[in-house]
Chemist: 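I have a structure here, written as structure tokens, and I will follow up with some questions on it.
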Amino acid sequence: MNLFTKQNEIEKILRDVQRVAEILFQKGWSEKNAGNISVKLPDAIALVSNPKVHPLDKPFPALADTCFYMTGTGKRMQDVAVSATDNGLFIQITPDGHGYIPVKATDQEVRPTSEFPSHLGIHNMIAERGSHETIVMHTHATEIIALTQNPKIKSSEALNKILWGMHPETMVFIPKGAGFVPYILPGTQTIADATIEQFASHDIVVWEKHGIFAIGKDVIDTFDNIDIACKSAKIWFACKSAGFEPEGMTDEQLDELRDLVKKFNS
Ligand code: 13P
Ligand code: ZN
């Protein structure tokens with residue numbers, strides 16, 4: 001069944017979701033149902049007659065009529081890798097932004113990810129600020145979670161000192177760094193609000209003892225940001241395991257990289 005006019009474009013996005021879901025599973029970052037992905041689609045569905053509207057806890061007028069794909073709650077990432085549509089669903093925000101309509105792609109009953117408040121809230125923040133990211137991705141990236149178990153790494157500043165300090169490319173690709181969200185119950189509006197606040201000034205967001213959120217313009221690019229942050233964390237642990245303190249980058253070296261990023265983006 002073709003739900004969209006831009007069916008080919010959407011099928012390509014869903015193939016990328018499947019590809020990345022497989023990588024997340026193979027990396028050991030998405031055990032069982034861990035992690036979730038949502039995509040703002042470049043098309044809307046002509047609304048079905050008598051739609052069942054689910055009210056939103058928070059209205060999102062900036063997302064009015066927008067259509068999203070998202071992974072379903074409890075769905076295994078390794079199954080998303082096989083079929084994004086069987087293990088996810090499409091939703092369309094109502095014209096007033098106060099509710100959403102689930103649109104079935106298959107006969108399976110699939111409910112949105114439990115991190116729905118964070119996913120939709122982040123898409124709303126992106127729409128309000130007028131930037132062009134379309135992907136929100138969450139995974140239980142082991143090395144990043146391990147960092148946040150360290151009592152000395154409990155702030156964005158402490159986290160970024162490590163992430164930027166281990167490899168020059170981290171500053172190049174994640175110049176605004178990671179925002180740190182102290183432990184909050186997952187799936188809640190409270191953790192969603194804290195995450196959105198951190199995304200205002202950071203490229204990625206780390207949830208203490210839980211995982212990471214990234215946003216991006218395409219699925220692969222979004223995954224890359226998580227992968228780059230994890231590479232730094234891995235280097236830090238490799239040095240520690242070898243029994244020495246990693247030197248990190250000097251402030252001058254980081255400033256030099258910041259200037260390079262500014263030049264590159266201007
Ligand atoms: P869902 O299966 O509801 O997407 O939850 C997975 C998860 O990672 C919660 O933080
Ligand atoms: Zn999670």
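The residues of the chain are indexed from 1 along the displayed sequence. For ligands, and for the atoms within them, numbers begin at 1 and follow the listed sequence.
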Chemist: Please list, in number order, the atoms of ligand 1 under 4.0 Å from a heavy atom of Thr113.
Modeler: 1 (P), 3 (O), 4 (O)
Chemist: Which of the atoms in ligand 1, numbered in the order shown and given with their element, are less than 4.0 Å from a heavy-atom of Gly74?
Modeler: 1 (P), 2 (O), 3 (O)
Chemist: Mark up the atoms of ligand 1 that fall under 4.0 Å of a heavy atom belonging to Gly35, in ascending order.
Modeler: 4 (O), 6 (C), 7 (C), 8 (O)
Chemist: His119 pairs by ring pair (Phe, Tyr, Trp, His ring centres under 6.0 Å) with which of Tyr100, Tyr69, Phe213?
Modeler: Phe213
Chemist: Please give the atom name: the N, O or S atom of His140 nearest to the Zn ion (ligand 2).
Modeler: NE2
Chemist: Report yes or no: do Ser131 and Glu133 form a side-chain donor-acceptor pair below 3.5 Å?
Modeler: yes
Chemist: Should we count CD of Gln149 as having more than 12 external heavy atoms under 6.0 Å?
Modeler: yes
Chemist: So, is His140 polar-close to ligand 1, with some N/O to N/O distance under 3.5 Å?
Modeler: yes
Chemist: Taking 4.0 angstrom as the limit and counting only heavy atoms of Asn33, give me the atoms of ligand 1 inside it, by number and element.
Modeler: 1 (P), 2 (O), 5 (O), 6 (C)
Chemist: May I ask you to check whether Thr113 and Thr71 show a side-chain donor-acceptor distance below 3.5 Å?
Modeler: no
Chemist: When you group the ILVMFWY residues by side-chain heavy-atom contacts below 4.5 Å and let the links chain together, are Val181 and Leu159 in the same group?
Modeler: no
Chemist: Using heavy-atom distances only, which candidate in Ser114, Ala34, Gly88 approaches atom 1 (P) of ligand 1 most closely?
Modeler: Ser114
Chemist: Got a salt bridge between Asp259 and Lys263, using NZ or NE/NH1/NH2 to carboxylate O under 4.0 Å?
Modeler: no
Chemist: Give a yes or no on whether Ile174 and Phe199 share a hydrophobic cluster (residues Ile, Leu, Val, Met, Phe, Trp, Tyr; joining criterion: side-chain heavy atoms under 4.5 Å apart).
Modeler: no
Chemist: Is there a path of hydrophobic side-chain contacts, each under 4.5 Å between heavy atoms of I, L, V, M, F, W or Y residues, that connects Ile145 with Met137?
Modeler: no
Chemist: Give the atoms of ligand 1, by number and element, whose distance to some non-hydrogen atom of His138 is under 4.0 Å.
Modeler: 8 (O), 10 (O)
Chemist: Tell me which N, O or S atom of His210 sits nearest to the Zn ion (ligand 2).
Modeler: NE2
Chemist: How far is atom 10 (O) of ligand 1 from its nearest protein heavy atom, and which residue and atom is that?
Modeler: Glu115 OE2, 2.5 Å
Chemist: Looking at His138, which of its N, O or S atoms is the nearest one to the Zn ion (ligand 2)?
Modeler: NE2
Chemist: Assess whether a salt bridge exists between Glu245 and Lys240, defined as any Lys/Arg side-chain N lying under 4.0 Å from an Asp/Glu carboxylate O.
Modeler: yes
Chemist: Heavy-atom contacts under 4.0 Å between Asn36 and ligand 1: side chain, backbone, both, or neither?
Modeler: side chain
Chemist: I'd like to check which ligand 1 atoms, numbered from 1 as shown, lie under 4.0 Å from a non-hydrogen atom of His210.
Modeler: 10 (O)
Chemist: Pull out every atom of ligand 1 sitting under 4.0 Å from any heavy atom of Thr73, numbered as shown with elements.
Modeler: 1 (P), 2 (O), 3 (O)
